[in-house]
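The structure presented is a predicted model; accordingly, all values stated were derived computationally and were not measured.
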Amino acid sequence: MKPFLSLCMIVKNEEKVLQRCLDSVYGVVDEIVIVDTGSTDLTKEIALKYTNKVYDFEWTNNFADARNFAQQHATGEWILVLDADEYVERTNLQEMIQQLKQTDDSVEAYDVSIYNFVGAYGERVLQHRHTRIYRNVPYLRYDRAIHEQLRHVSGKYVEAKTGILTIYHTGYMRHVVVEKKKHDRNAQLIEREMEAGESIAFDYFNLGNEHLSKGEVEQALQAFIQAYQHKKDIRLSWVSYCLVQIILCLKYLQRFDDALRVIADVENIYSETADFQFLRGEIYYLQHRYDDALKQLEYLLENKEKYPYTIKTFEYVEYDPHMLLGQIYKHKGNLQKAIYHFSCALSFNRKSYEALYNVLQLLARVHSETEIIQFIESKQLANDLLAISLVARIASALHLENVMKSLVAKLGDDVIQRGFEIKVNILQNAYDDALQKILKSSVADLQTYVRSGGLDSYDLLVLAFKTNQLDVVRLLLHLVSDQKEKEFLLFMLNEHEQAPESMFYLFLLERTIQLKEYELFEQFLALKNRFAPSVHIQIAHLLHRYEFMDVALQLYRSVDNMNDWDAGAFVNVMEALAMKNEIMEAMQYGLLAISFGHHDFRLYKYMIELMSICGMSEERRKIVQQAKQLYPDSEWLLKQRD
């Protein structure tokens with residue numbers, strides 16, 4: 001009897017993930033065809049446990065060639081295409097097969113949903129649709145060296161229907177991308193396709209994605225714009241994704257007004273899509289227009305049934321709005337609502353470090369550590385090694401010693417457990433005990449401590465200076481691979497004269513604050529004059545964030561050249577002075593900031609509120625008019641009478 005559904009795969013050195021993929025489909029598909037393009041590990045041995053249809057193919061730098069070779073060996077009526085770093089849910093695949101069996105003869109292919117797990121732990125999920133199921137007929141073949149597309153042999157693209165299958169993809173998690181050097185490979189193949197010039201718009205779109213994944217935002221934006229300008233049809237599946245990417249690039253470049261204009265242009269075309277509703281709220285938030293953002297995000301949550309579709313990620317519907325609302329209410333001092341929204345976000349993404357950090361941080365303000373431990377247990381937030389390590393790292397950052405102790409006891413790995421025990425010693429100021437454990441550890445053990453999150457370079461730097469054992473810093477030189485971080489460590493040993501990147505210095509200062517090592521903070525603070533004046537502003541920002549308002553205010557004022565001040569410096573000084581009831585001086589700083597060309601929304605909001613308090617109606621009217629010219633879509637400003 002002829003097979004109904006054949007799985008076709010191309011693989012190379014996939015021993016880490018191939019079994020997971022094949023386990024998810026074995027016994028559900030009728031045939032498995034695997035094409036190996038040159039594996040040197042156990043990939044083929046694993047494949048042969050599931051099928052005898054394993055074929056060698058000499059790699060031609062062309063994914064379509066390999067896909068078509070696999071199809072030649074498939075005998076099923078339909079073909080399912082998977083990569084080794086993907087998998088499916090068996091019941092969902094069985095439902096998809098039933099859909100195929102009821103398919104009209106005119107249907108040639110199906111698009112499926114692909115969920116891409118990204119980040120260090122797969123904590124974010126991005127989605128897209130792609131044609132992965134098609135009829136096994138001679139006139140359907142793949143085309144293009146990369147991001148291959150299914151076509152008729154005549155050249156016409158296949159019009160696929162929407163299938164109910166979901167594919168889960170882990171190949172874009174951070175360590176996989178680095179390990180496989182996907183960016184370098186992909187960019188070369190895309191350039192080949194662009195030289196051919198057959199699908200220039202789609203090539204620009206893929207090139208933009210490669211630039212963006214490497215952090216080359218300006219180049220990515222230009223590529224996405226070219227892609228959109230060269231599109232042949234707005235209904236092509238990648239076009240809406242391209243528009244989202246354009247908005248994200250503008251957001252990263254802080255071109256917020258441009259981003260809002262794009263959203264206004266496209267939201268009516270994609271009127272049932274949540275992405276543009278969320279992104280408007282996020283940009284309001286990044287502009288510090290917290291009242292406008294709050295209204296936009298709450299509207300989305302209250303009306304999510306109006307937006308049943310998403311383009312980039314389904315997290316735009318609930319997780320991301322709840323996270324931003326948590327931050328807004330935290331900023332406003334409404335802890336109850338902040339905890340509610342962070343908890344909602346956590347319920348949608350239990351791997352979210354940010355959501356869990358904020359929940360525990362706010363709980364720690366009003367609850368004992370015993371109650372926090374009970375909360376963690378009741379919500380089952382620490383049920384496996386990865387989750388325990390995650391919560392322990394957060395407890396460490398929040399200086400919750402007893403929470404850490406309860407979690408460390410659950411760690412099954414002795415070396416990982418020792419790393420967290422050393423961190424507990426540091427939190428308890430038992431530096432000599434921590435030092436003895438460090439000195440008894442091998443370099444491999446130290447690497448495990450750092451990799452598992454028990455310790456990091458800044459913990460060990462604090463330990464070294466507290467115990468006056470600077471040889472610990474030399475140990476660190478063997479652990480870090482980043483050359484700039486090594487230069488920072490040598491700088492701290494006074495063996496590197498030129499000031500290193502300030503990022504490392506700021507992280508170290510923050511760690512001394514987290515550990516409440518204020519004398520050490522003062523010692524390290526003495527190094528600030530070896531950096532550019534802008535670092536003084538960044539340190540003041542750090543102190544303001546940890547609510548050391550007076551010290552921050554003093555440090556801001558120590559920077560005489562106000563060209564070195566950013567908008568945040570003026571905002572924080574205004575806030576600190578207003579809290580001290582020095583309102584007139586606070587307003588003087590606000591006017592000074594505006595005269596320096598800063599247009600941060602908070603400056604205008606604070607000025608309007610302070611002038612209202614002082615009864616300065618005419619001055620207030622002028623500020624409101626200025627603000628409305630800059631932010632004409634602000635509903636908060638529209639409520640302010642001129």
Side-chain angles (χ1 to χ4, degrees), residues 1-10 24-25 27-33 35 53 63-83 86 88-115 127-144 146-169 198-199 201-202 205-206 231-242 269-273 308-311:
M1 183 176 177
K2 183 178 181 180
F4 182 72
L5 179 62
S6 297
L7 170 68
C8 286
M9 302 178 66
I10 57 175
S24 74
V25 300
V28 181
V29 298
D30 303 296
E31 180 181 56
I32 297 176
V33 177
V35 171
K53 289 199 166 189
F63 281 92
D65 289 348
R67 297 278 185 217
N68 293 332
F69 179 79
Q71 181 182 345
Q72 291 172 18
H73 292 86
T75 60
E77 295 179 32
W78 290 86
I79 288 176
L80 165 67
V81 174
L82 291 178
D83 290 332
E86 298 174 336
V88 299
E89 291 182 354
R90 295 172 68 83
T91 54
N92 182 217
L93 178 56
Q94 289 166 344
E95 291 166 353
M96 183 68 233
I97 291 172
Q98 291 305 310
Q99 184 177 5
L100 291 176
K101 289 181 176 178
Q102 298 168 15
T103 297
D104 185 87
D105 290 343
S106 63
V107 178
E108 296 176 327
Y110 279 97
D111 286 342
V112 303
S113 297
I114 300 180
Y115 287 178
Q127 69 184 44
H128 70 283
R129 297 193 68 82
H130 195 244
T131 305
R132 291 296 194 88
I133 301 174
Y134 65 100
R135 289 190 185 275
N136 185 10
V137 290
Y139 57 82
L140 293 182
R141 288 290 184 270
Y142 276 102
D143 181 51
R144 295 175 50 85
I146 188 170
H147 301 296
E148 57 277 17
Q149 301 286 296
L150 196 62
R151 283 188 182 185
H152 289 257
V153 291
S154 63
K156 183 180 72 171
Y157 283 109
V158 173
E159 293 185 11
K161 297 292 185 181
T162 300
I164 60 175
L165 182 66
T166 298
I167 295 173
Y168 302 94
H169 176 224
E198 293 184 7
S199 304
F202 189 56
F205 169 67
N206 291 316
K231 69 185 182 304
K232 293 181 179 178
D233 192 330
I234 200 169
R235 294 170 296 180
L236 291 169
S237 61
W238 60 267
V239 173
S240 59
Y241 202 99
C242 182
I269 301 173
Y270 303 99
S271 58
E272 295 184 312
T273 300
Y309 305 112
T310 54
I311 297 167

Got a second to check how far Ile311's CD1 is from Thr273's OG1, nearest 0.5 Å? 4.5 Å
Nearest heavy-atom pair of Asp111 and Arg129: which atoms, and what distance? O-NH2, 3.0 Å
Within the supplied structure, the quantity of interest is the number of heavy atoms (other residues, nucleotides, ligands) at a distance under 6.0 Å from Tyr309 OH; does it exceed 12? no
Counting C-beta onward and ignoring hydrogens, is there a side-chain heavy-atom pair between Leu5 and Glu31 closer than 4.5 Å? no
Does any part of the side chain of Val88, heavy atoms only, come nearer than 4.5 Å to the side chain of Val112, both counted from C-beta? no
Would you indicate whether the side-chain heavy atoms of Gln102 and Leu100 approach each other to under 4.5 Å? no
Are side-chain heavy atoms of Met96 and Gln99 found at a separation under 4.5 Å? yes
On a heavy-atom basis, which atom in Pro3 and which in Thr75 lie closest, and how many Å separate them? CG-OG1, 3.4 Å
Any side-chain heavy-atom pair from Glu108 and Tyr139 closer than 4.5 angstrom? yes
Is a donor from one side chain sitting under 3.5 angstrom from an acceptor on the other, for Tyr115 and Glu86? no
With heavy-atom distances below 4.5 Å as the criterion, would you say the side chains of Glu89 and Leu93 are in contact? no
Side chain Asp83, main chain Met9, donor-acceptor under 3.5 Å: no
Does the side chain of Arg151 come within less than 4.5 Å of Arg141's, by heavy atoms? no
Would the number of heavy atoms belonging to other residues, nucleotides or ligands and lying under 6.0 Å from NZ of Lys231 be above 12? yes
In Å, rounded to the nearest 0.5 Å, how long is the span from CG of Asn136 to CD of Gln71? 5.0 Å
Go through the steps to decide whether Val81 and Tyr134 satisfy the test side-chain contact (heavy atoms from CB on, under 4.5 Å), and finish with yes or no. CA-CA 9 Å; Val81 174; Tyr134 65 100; 3.9 Å; yes
More than 12 foreign heavy atoms under 6.0 Å from CD of Glu159: is that the case here? no
Rounded at 0.5 Å granularity, tell me how far CZ in Phe202 sits from CH2 in Trp238. 8.0 Å
Please tell me whether Phe69 and Tyr142 form a close aromatic pair, meaning their ring centres lie under 6.0 Å apart. no
Atom NZ of residue position Lys2 - does it have more than 12 heavy atoms of other residues, nucleotides or ligands inside 6.0 Å? yes
For the atom pair CG (Asp30) and OG (Ser6), what is the distance rounded to the nearest 0.5 Å? 7.0 Å
With a 3.5 Å cut-off and no angle check, do the side chains of Thr310 and Gln127 form a donor-acceptor pair? yes
Do Tyr110 and Thr103 have side-chain N/O donor and acceptor atoms under 3.5 Å apart? yes
The test is side-chain contact (heavy atoms from CB on, under 4.5 Å); show your working for Val137 and Trp78 and say whether it passes. CA-CA 9 Å; Val137 290; Trp78 290 86; over 6 Å; no
Closest contact, heavy atoms only, Cys8 versus Ala74: SG-CB, 3.7 Å
Look at Arg135 together with Glu77 and state whether they make a salt bridge at an N to O cut-off of under 4.0 Å. no
Could you give me the CA-CA distance, side-chain angles and deciding distance for Thr131 and Ile133, then say whether side-chain contact (heavy atoms from CB on, under 4.5 Å) is met? CA-CA 6 Å; Thr131 305; Ile133 301 174; over 6 Å; no
Side-chain donor/acceptor of Asp143 to backbone N/O of Leu150, under 3.5 Å: no
Between Ile10 and Phe63, does the side-chain contact (heavy atoms from CB on, under 4.5 Å) criterion hold? Intermediate values first, please. CA-CA 9 Å; Ile10 57 175; Phe63 281 92; 3.6 Å; yes
Quick one: are Arg132 and Ile114 in side-chain contact, heavy atoms under 4.5 Å? yes
